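Atoms within a ligand are numbered from 1 in the order they appear, just like the ligands themselves. Since the structure is predicted, the reported quantities are computational estimates derived from the model, not experimental observations.
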Amino acid sequence: MSGEWVTRPAVIGAGTMGMGIAEVLATAGYPVSVWEKSPPVLERARAQLEKRLVARVAKGRLSNEEARAITKRIQPVQRFEELAECELVIEAIVEQLEAKQSLFAQLDELVAPTAILASNTSSLSITSLAGSTKRPERVLGIHFFNPAPLMPLVEVVRGAETAQPLVERVCAWLAGMGKEPVQVADGPGFLVNRVARSFHTEAVRMVAHKLARKEQVDRILEGAGFKMGPFALQDLIGIDVNFAASVSVYEGTFHEARFRPHYQQRQMVERKALGRKTGKGHYRYEG
Ligand SMILES: NC(=O)c1ccc[n+]([C@@H]2O[C@H](COP(=O)([O-])OP(=O)(O)OC[C@H]3O[C@@H](n4cnc5c(N)ncnc54)[C@H](O)[C@@H]3O)[C@@H](O)[C@H]2O)c1
């Protein structure tokens with residue numbers, strides 16, 4: 001099936017993931033509308049994107065013209081109502097069920113009945129987001145990984161009522177953009193984040209029990225073939241985002257003990273040690 005069904009996608013939230021997804025779509029040639037509730041965040045995200053593109057031009061991976069075209073295709077939206085014409089909206093806001101449900105209900109009122117509503121959630125129930133709309137068959141998860149422009153894997157999550165032909169169509173569309181879509185049924189943490197819970201939380205517990213230092217855990221797991229150790233990866237993901245995923249998988253499994261988060265994860269969020277984005281997390285970052 002062709003990708004022509006989408007001519008104007010939108011992304012909501014211009015944080016780590018939203019801006020990365022916008023870059024993927026703009027690189028594939030789509031004009032992308034981006035809605036972010038905090039204008040300074042959007043400004044900062046655009047400036048960072050431009051810096052990344054300049055670096056790619058300097059490395060000879062992109063021409064100046066391509067970089068300019070990508071930046072131009074990413075169009076900030078001033079008013080939420082301007083999203084009304086979009087045929088596909090990918091939501092990448094904070095990992096909180098109520099916030100996402102409320103956004104999906106608003107989008108459902110705004111966009112055409114044929115439009116598709118997708119979430120980049122790491123772990124929240126797609127079925128429950130679909131339940132806040134009158135189009136559950138047109139709601140699905142399109143879960144990009146961080147950094148979205150570089151990571152080929154995308155989990156395409158089928159909610160309890162998502163139409164299978166839509167899932168197939170989205171997979172074909174993503175594959176056309178050079179991504180590797182993997183279909184997954186809805187369930188706490190889907191596939192990757194369910195398995196990754198142990199990777200992250202077990203590492204935190206080991207260090208809390210003084211069995212090893214963070215640097216050792218990271219070094220050993222990287223030596224064993226993981227691209228990043230759990231602490232370096234949590235800093236990249238965002239301590240808050242990773243903690244939210246831990247909590248949601250724990251709650252989604254009706255408190256299965258093996259998924260219980262560690263209180264030190266919450267303490268890091270409380271003291272705003274959120275990883276690279278705040279300059280401090282498990283490690284410290286300059287600039
Ligand atoms: N960070 C990761 O590694 C990663 C990977 C895959 C998926 N995700 C998921 O992607 C989503 C976004 O994560 P992130 O890391 O980009 O978070 P982030 O905190 O960097 O960005 C979220 C952005 O959404 C904005 N926002 C919040 N509510 C909004 C609303 N109602 N309307 C418009 N904008 C709003 C915030 O101002 C913020 O800029 C989450 O669901 C997260 O679980 C994150």
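- Residue pairs meeting the ring pair (Phe, Tyr, Trp, His ring centres under 6.0 Å) criterion with at least one partner in residues 56-112, sequence neighbours excluded, are Trp35-Phe80.
- Within the hydrophobic cluster formed by Ile, Leu, Val, Met, Phe, Trp and Tyr side chains joined at under 4.5 Å, directly or through other members, Phe226 is accompanied by Phe199, Val204, Val207, Val217, Leu221, Met228, Phe231, Leu233, Leu236, Ile237, Val241, Tyr283, Tyr285.
- Between Arg68 and Glu50 there is no salt bridge, since no side-chain nitrogen of the basic residue lies less than 4.0 Å from a carboxylate oxygen of the acidic one.
- Judged purely by distance below 3.5 Å, without hydrogens or angles, the side chains of Asn193 and Ser123 never pair a donor atom with an acceptor atom.
- Arg8 CZ: more than 12 foreign heavy atoms inside a 6.0 Å radius.
- Annotation: ligand 1 has protein neighbours Ile12, Gly13, Gly15, Thr16, Met17, Trp35, Glu36, Lys37, Val41, Ala92, Ile93, Val94, Glu95, Lys100, Asn120, Thr121, Ser122, His143, Phe144, Asn146, Ile237, Val241, Lys277, each with a heavy atom less than 4.0 angstrom from the ligand.
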For a quick test of your reading: what N or O donor-acceptor pairs under 3.5 Å do the side chains of residues 265-275 make, sequence neighbours left out?
unit_1: Gln265; atom_1: OE1; unit_2: His262; atom_2: N; d: 2.8
unit_1: Gln265; atom_1: NE2; unit_2: Ser246; atom_2: OG; d: 3.4

